[in-house]
Amino acid sequence: MAMEKTFNAAEAEPRIYQMWEQSGAFKAGANKSKDETFCIMLPPPNVTGHLHVGHAFNHTLMDMLTRWKRMQGFDTLWQPGLDHAGIATQLMVEKELAETQQPKRTDMGREAFLKKVWEWKADKGGVIEQQARRLGDSMDWERSAFTMSGAESAPEGEKPGNFHDAVLKVFVDLYNKGLIYRGKYLVNWDPHFETAISDLEVENIEVDGHMWHFKYPLAGGETYEYVEKDEDGNVTLREIRNYISIATTRPETMLGDGAVAVNPKDARYAPIVGKLCEIPVGPKEHRRLIPIITDPYPDPEFGSGAVKITGAHDFNDYEVAKRGNIPMYSLMDTKGNMRADGKPYAEEAAVAQAIANGEQEFDEAMIAAMNLVPDAYRGLDRFEARARVVADITAEGNAVMTVATDTRLENPVKTPVAPEEGGEARTDADELVPLVEKKKIMQPFGDRSKVVIEPMLTDQWFVDSAKIVEPALESVRSGRVKIMPESGEKVFFHWLENIEPWCISRQLWWGHQIPVWFDADGNQFCASTEAEAQALAGEGVTLTRDPDVLDTWFSSGLWPFGTLGWPAEDEAMKYFPGDVLVTGQDILFFWVARMMMMSEAVMDKEPFHTVYLHQLVRDAKGEKMSKTRGNVIDPLEMIDAYGADALRFSNAQMAALGGVLKISEDRIKGYRNFGTKLWNAFSFADHYEIPYPGDAPMPEASQTLNKWIIGETAKVREAVDAGMEAYRFNDVADALYAFTWGKVCDWYLEFSKPILQGDDAAAKEETEKTLRWVLDQCLIMLHPIMPFITEELWGMGEARAKMLVHADWPTYTAADLVDADADREMNWVIALIENTRSARQQVHVPAGAKVPLLVKDLDAKGQSAWDNNAALIQRLARIESLTAVDAFPKGTVTIPMEGGTFAIPLEGLIDVAAEIARLEKTLQKLGKELGGLRGRLNNPKFVESAPDEVVAEARENLSLRENEETQIKAAITRLQEIG
């Protein structure tokens, strides 16, 4: 039965995938022939997720490794699963409740809401797993894990699992070791979701902002001489001041100031260090006075050099406040509104003043309860409060003023030097305006809520990361864990060597509820169950469970062993530790480092031996994909259009370690054509009615051509294995592309035609067997990258012992199979044909013209290669004749070869003048490109500031263009010899 003309991916891919899955081809241990395990953990996508180009890329690499190891006979597991994605899932469900006009989360209560979440998960969650099947992922789907499996809120019928047990056990164990604790710290707070969020969930975006300059009057009307000097020590400004000037982008937080800080080396403020100044906002009779302190944090060169310290609402201020024992007053509620609770402002301000004066001791609980928001601002949205604060300070005259001779407020003007110092005096007639700078600021936004994040001082749970980080650091330092590329190790060390306590609590409902109960006095009882907590507290003690849930990074940090049945004794634990983790470099410290810390802390082992980090997948121009740019490539659309194999090969080919990942539809389309080329090779065999018994042994070859292709097959097998071992997936793809398309389809098939069409029955039979064997080797080695088309073609062989997904990976070597004489002869023939074609193309010899070929100094081996293959060479290179000469005439294109030199005489073949003109025009255009590239690379700013990959790409382009320039100049010289 004749083959179809083309591979119908749309029809074949779902059929083939169903065959694999139903046969159990992907199950842990399938096709194993050895006890050695190989395990990859899928970075668990959010249960809300959809397959995007980043997933398609790293899934391809993981699947290549998994299929390769499975075919090698390893006891293989590719562990799939989903992350419950606390905040993302809660957002999706709340949006659905709003759209369907159901009660809000807070109206229905926790238990009813969690029921809705589980219903949503059953109905719409896990879409990405179905999409991953379309890509060809060979995961053991029956083992698919979920980071909330086994949770108390899980409904009956939910797929069983004990991940929740693992989470509880780790929390309780670390708590009992003193490695988990509760405390009041500054965290990123999302006012929309009313929860703390991680740094990863914060998007810092540059926006147009403002810097306001305000006077903080000195207490009691005190004054001091303020002096500014230039670099040479010359006085540029001297005046008597009764205030200290500060600049802020967030005036509403002034209400919670605990101090003003200046650098201890800043001589301008030395006379007033230790004195008190007034926060210039709020009722006059209750204005708070705060101390002026010294701290290394303020930069004397930035702004006024004086910084207000609001420890409860700024991360830098928080550190200063901790160092200086400065009270940190919280101003906002969980929604980002100014607090409306507590005692009247006058009472609170009096207590705060007593603390500032050193008349009253304070503790954390006392400060947390105080509300220092003046009554007039209480309950206002934080941004409305900002506007009110600015207006009130300005109306009172405490906004720093500047001469209005320059009204461009974005360009502030300093107060001029006093007349006696040579400056220009300010007159009463000058109009004064508040000094407000227009300023670009980095504003933190919640990546899902899109609201401005507020640093908030709240009670949270923390892991004392510093106490468990050393084993993870040592595993990389010692080389037990290799991070690729090496630049990732520097990032890893920098973060872990300077690690902060890890905030693991979230004020959400969807997630692992923290297993800690409190009695009426606030005593903590940590246990896996309420019954165990009650036993710890004693009979009759009323307990209340902490309502917070754990950060999803805490549970996903247990992924390498929590998915394998731990803490129960499970046979699957033989797969721990795993082997390699393939993931994006953006979550190196948010997830990878935490898995390493947790695995070392809990299991006393590193979770894997290799971490392969990749960059963001970008468009063809290297631009980040975004809907607004319109450059998003949807992998599912690419699969629909060109098939999964084309997308996968494109992913593998661009996977240069540490390189920029650029993908385009044209690239994917091109690799669809590669699949067609492979299909056509089998059609070629079908056309010649070559039998396909399947699973045939390697033939004994006597023909030079067949010896050569068998040796080339061994070479590429070694190249593929070396590339896979080194995680150089692009080398694997390039080697297979060059072998399959070049050596097999272009050369071997073409060279085999005379034999297949000839009368030598023995040579024909040998070539038929060799052709079938070589094509099977192509299928085996291409299968990890292109599983669908290869499995389809494999199935056309008769009496297969097993599917291609379980075919034995070859182990033959080049040392055993390369025949040196055949290798030299056939590669010499190919090189002569290719070089002759290139020389013809270089000077535009008409494609259809047969040309004479000259040769000199040809050695015996070269002569033998020519004699054995003359007809092929002449046909494929379109050569009319070969003439031996002692010297080449002028105006020839030379073709250097091993053992001799060939040449094409150009006179009479081309229009010399027209060709010189064309080449000179090309040379001129090339010169402009070279000038631009050299200019960029000679610019130190470009080389120092541009990303390494951009500089490397520019250097590579320059090298290619320079080589092209050399060739064109040589061609022009040759042509000029004729004319």
Atom [atom1] of residue position [X] - does it have more than 12 heavy atoms of other residues, nucleotides or ligands inside 6.0 Å?
X: E474; atom1: CD; value: yes
X: K574; atom1: NZ; value: yes
X: K467; atom1: NZ; value: no
X: K115; atom1: NZ; value: no
X: K95; atom1: NZ; value: no
X: K27; atom1: NZ; value: no
X: E142; atom1: CD; value: no
X: N498; atom1: CG; value: yes

Side-chain ([X]) to main-chain ([Y]) donor-acceptor, under 3.5 angstrom:
X: T76; Y: F74; answer: yes
X: N162; Y: G565; answer: yes
X: D363; Y: M366; answer: yes
X: D570; Y: W566; answer: no
X: R143; Y: P80; answer: no
X: T89; Y: H84; answer: yes
X: D63; Y: S138; answer: yes
X: H512; Y: T147; answer: yes
X: H164; Y: S149; answer: no
X: D579; Y: C39; answer: yes

Do [X] and [Y] sit within salt-bridge range, that is, some charged N less than 4.0 Å from a carboxylate O?
X: R480; Y: E606; value: yes
X: D190; Y: R448; value: no
X: K482; Y: E486; value: yes
X: D173; Y: K169; value: yes
X: D551; Y: R506; value: yes

Could you give the distance from [atom1] ([X]) to [atom2] ([Y]), rounded to the nearest 0.5 Å?
X: R477; Y: F493; atom1: CZ; atom2: CZ; result: 6.0 Å
X: I128; Y: D137; atom1: CD1; atom2: CG; result: 9.5 Å
X: L82; Y: E129; atom1: CG; atom2: CD; result: 4.0 Å
X: L588; Y: I483; atom1: CG; atom2: CD1; result: 5.5 Å
X: S599; Y: L558; atom1: OG; atom2: CG; result: 8.0 Å
X: M139; Y: E21; atom1: CE; atom2: CD; result: 10.5 Å

Any side-chain heavy-atom pair of [X] and [Y] under 4.5 Å:
X: S555; Y: L550; answer: no
X: F518; Y: Q524; answer: yes
X: V516; Y: W461; answer: yes
X: P515; Y: E532; answer: no
X: W120; Y: K116; answer: no
X: I40; Y: V580; answer: yes
X: K124; Y: M92; answer: no
X: H50; Y: V127; answer: yes

Where is the tightest heavy-atom contact between [X] and [Y], given as atom of each residue plus distance?
X: L657; Y: P485; value: CD1-N, 4.0 Å
X: L581; Y: P43; value: CD1-CG, 4.4 Å
X: D546; Y: Q513; value: O-NE2, 3.0 Å
X: E600; Y: A472; value: CG-N, 4.1 Å
X: G86; Y: L508; value: C-CD1, 4.0 Å
X: V202; Y: P444; value: CG1-CB, 3.6 Å

Subject >> R67 to W20, cation-pi by 6.0 Å centre distance and 45° axis angle >> reply: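 Yes - R67 lies over the ring of W20, closer than 6.0 Å to its centre and within 45° of its axis.
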Original post:
Within 45° of the six-membered ring axis of F561 and under 6.0 Å from that ring's centre, is NZ or CZ of K605 located there?
Top reply: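 Checked: cation-pi criterion not met.
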Original post:
Are Q507 and Q460 linked by a side-chain donor-acceptor pair shorter than 3.5 Å?
Top reply: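 Yes, a side-chain donor-acceptor pair sits under 3.5 Å.
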Original post:
Can you check salt bridge (Lys or Arg N to Asp or Glu O under 4.0 Å) on R105 and E194, steps first, answer last?
Top reply: CA-CA 13 Å; R105 168 177 65 93; E194 299 181 65; 5.2 Å; no
**OP:** Only one of Y185, Y175, W502, F554 passes ring pair (Phe, Tyr, Trp, His ring centres under 6.0 Å) with F462; say which it is.
**Re:**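 Passing option: Y185.
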**OP:** Just do the side-chain contact (heavy atoms from CB on, under 4.5 Å) check on L97 and M108 with the steps written out, would you?
**Re:** CA-CA 11 Å; L97 292 176; M108 66 173 59; 3.9 Å; yes
**OP:** Begin from the C-alpha positions of Q534 and F525 and carry the test side-chain contact (heavy atoms from CB on, under 4.5 Å) through to its verdict.
**Re:** CA-CA 8 Å; Q534 191 69 63; F525 302 95; over 6 Å; no
Original post:
Given W510 and W118, is the ring-ring contact (aromatic ring centres under 6.0 Å, His included) satisfied, shown in steps?
Top reply: CA-CA 10 Å; W510 174 241; W118 282 106; 5.2 Å; yes
Subject >> Verdict with supporting geometry, W78 and L42, side-chain contact (heavy atoms from CB on, under 4.5 Å) >> reply: CA-CA 7 Å; W78 185 8; L42 176 75; 3.8 Å; yes
**OP:** Please find out if less than 6.0 Å separates the ring center of W553 from that of W559.
**Re:**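 Centroid distance W553-W559: not below 6.0 Å, so no.
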**OP:** Test side-chain contact (heavy atoms from CB on, under 4.5 Å) on E364 and M328 and set out the steps.
**Re:** CA-CA 9 Å; E364 191 176 271; M328 294 183 268; over 6 Å; no
